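Since the model is a prediction, treat every value here as computed from it, not as a measurement.
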Amino acid sequence: LPGLAGGQLTGAELARGATIVVVWASWSPRCRDIVERANGVAGRWGGRARVVTVNFQEDPAAVEAFLRDKKLAVPVFLDRDGEFSKAHAVTTLPGLVVFQEGAVRYQGKLPADPDATLRQIFG
């Protein structure tokens with residue numbers, strides 16, 4: 001996946017260590033507070049896993065406009081065709097996909113309290 005600010009999120013990166021992926025779209029009413037939620041996950045779990053966000057099928061200009069004046073602390077990657085989200089069964093936004101050494105440990109809706117889910121995965 002291409003990064004909004006450059007770079008790529010690759011399968012090889014997801015195969016190393018632990019990565020927490022928050023999937024979102026600016027048009028989803030349930031994603032209005034995604035910056036705060038993603039920053040909270042990064043603040044609590046960033047020492048144990050890489051935390052990134054994946055925007056679902058939006059134009060980069062729309063993503064940049066939504067994030068303007070917000071302080072998102074993690075990188076944004078673009079799922080322009082929706083294939084990443086489809087491959088990981090993200091059918092509700094915001095979504096959460098957790099990788100550990102390349103294995104998917106969780107995929108689905110971002111829980112209201114993601115810490116409980118992440119504690120089960122990371123201990």
Side-chain angles (χ1 to χ4, degrees):
L1 299 174
L4 185 63
Q8 296 273 329
L9 180 63
T10 65
E13 287 184 56
L14 296 174
R16 285 193 312 269
T19 304
I20 299 168
V21 180
V22 177
V23 183
W24 63 280
S26 67
W27 48 261
S28 170
R30 293 183 303 270
C31 294
R32 295 287 180 238
D33 63 347
I34 200 64
V35 170
E36 295 80 9
R37 293 180 75 187
N39 286 348
V41 169
R44 291 185 299 277
W45 294 95
R48 305 272 309 268
R50 178 177 182 207
V51 179
V52 301
T53 66
V54 169
N55 176 269
F56 179 72
Q57 291 189 309
E58 287 188 273
D59 184 81
V63 178
E64 289 171 346
F66 176 79
L67 293 174
R68 192 171 294 121
D69 301 324
K70 294 179 174 69
K71 305 281 190 255
L72 182 60
V74 298
V76 178
F77 296 94
L78 303 170
D79 187 10
R80 300 281 307 267
D81 60 7
E83 288 302 313
F84 176 89
S85 300
K86 187 185 306 176
H88 297 292
V90 176
T91 57
T92 301
L93 295 176
L96 178 68
V97 184
V98 181
F99 296 88
Q100 196 168 28
E101 302 302 335
V104 176
R105 299 288 310 275
Y106 178 91
Q107 59 188 17
K109 180 181 172 196
L110 176 65
D113 178 15
D115 293 338
T117 300
L118 295 171
R119 271 194 299 277
Q120 288 179 336
I121 295 167
F122 298 118

- Contact summary for Pro111 and Thr117, nearest pair of heavy atoms: CG-OG1, 3.4 Å
- If you round to the nearest 0.5 Å, how far is CZ of Phe56 from CG of Leu78? 12.5 Å
- Item | From CG (Leu93) to CD1 (Ile34), nearest 0.5 Å | 8.5 Å
- Test salt bridge (Lys or Arg N to Asp or Glu O under 4.0 Å) applied to Arg50 - qualifying residues, sequence neighbours left out: Glu13
- Is a donor on one side and an acceptor on the other found under 3.5 Å between the side chain of Arg105 and the backbone of Phe99? no
- Not counting sequence neighbours, which residues clear salt bridge (Lys or Arg N to Asp or Glu O under 4.0 Å) with Arg32? List them please. none
- Note on the structure: NZ of Lys109 to CG of Leu96, rounded to nearest 0.5 Å, is 11.5 Å
- Query: Does one hydrophobic cluster hold both Leu1 and Val74, with members joined at side-chain heavy-atom distances below 4.5 Å?
  - Reply: no
- Message: Do Lys70 and Phe66 form a cation-pi contact, if we require the NZ or CZ to be under 6.0 Å from the six-membered ring centre and within 45 degrees of the ring's axis?
- Response: yes
- Item | Derivation of the side chain to side chain contact (heavy atoms under 4.5 Å, CB included) call for Val104 and Val98 | CA-CA 6 Å; Val104 176; Val98 181; over 6 Å; no
- Do you reckon Trp27 sits in the same ILVMFWY cluster as Phe77, going by side-chain contacts under 4.5 Å, direct or chained? yes
- Message: Taking Val90 as the starting point, is it possible to reach Val76 by hopping between hydrophobic residues whose side chains are less than 4.5 Å apart?
- Response: no
- Task: With rounding to the nearest 0.5 Å, note down the distance linking CD1 in Ile121 to CD in Gln100.
- Result: 7.5 Å
- If two hydrophobic side chains count as joined below 4.5 Å and joins carry through other members, does Trp45 share a cluster with Val54? no
- Message: For a 4.5 angstrom cut-off between non-hydrogen side-chain atoms, does Arg30 reach Leu110?
- Response: no
- Message: According to side-chain hydrogen bond (donor to acceptor under 3.5 Å, both in side chains), who are the partners of Asp33, at least two apart in sequence or on a separate chain?
- Response: none
- Task: Applying salt bridge (Lys or Arg N to Asp or Glu O under 4.0 Å), name anything that partners Arg48, two or more places apart in sequence or on another chain.
- Result: none
- Query: Between the side chain of Asp79 and the main-chain N/O of Asn55, is any donor-acceptor distance below 3.5 Å?
  - Reply: no
Would you mind writing out the side-chain donor-acceptor pairs for residues 15-26 within the sub-3.5 Å range, not counting sequence neighbours?
{"from": "Trp24", "atom 1": "NE1", "to": "Thr53", "atom 2": "OG1", "distance (Å)": "3.4"}
{"from": "Ser26", "atom 1": "OG", "to": "Glu58", "atom 2": "OE1", "distance (Å)": "3.3"}
{"from": "Ser26", "atom 1": "OG", "to": "Glu58", "atom 2": "OE2", "distance (Å)": "2.5"}

- Message: Give me the atom names and distance for the closest heavy-atom approach of Gln57 to Gly82.
- Response: CG-N, 3.6 Å
- Query: Just how far is it from atom CG of Leu4 to atom CG of Leu67, taken to the nearest 0.5 Å?
  - Reply: 7.0 Å
- Under a 4.5 Å cut-off applied to non-hydrogen side-chain atoms, are Arg80 and Asp59 in contact? yes
- Nearest heavy atoms of Asn39 and Ala73, plus distance in Å: OD1-N, 2.7 Å
- Note on the structure: Across all chains, not counting sequence neighbours, the side-chain hydrogen bond (donor to acceptor under 3.5 Å, both in side chains) partners of Arg119 are none
- Task: Rounded to the nearest 0.5 Å, what's the gap from NZ on Lys71 to CD on Glu36? Could you check?
- Result: 12.0 Å
- Query: Hey, any chance Val52 and Phe122 share a hydrophobic cluster, counting ILVMFWY side chains that come within less than 4.5 Å of each other, even indirectly?
  - Reply: no
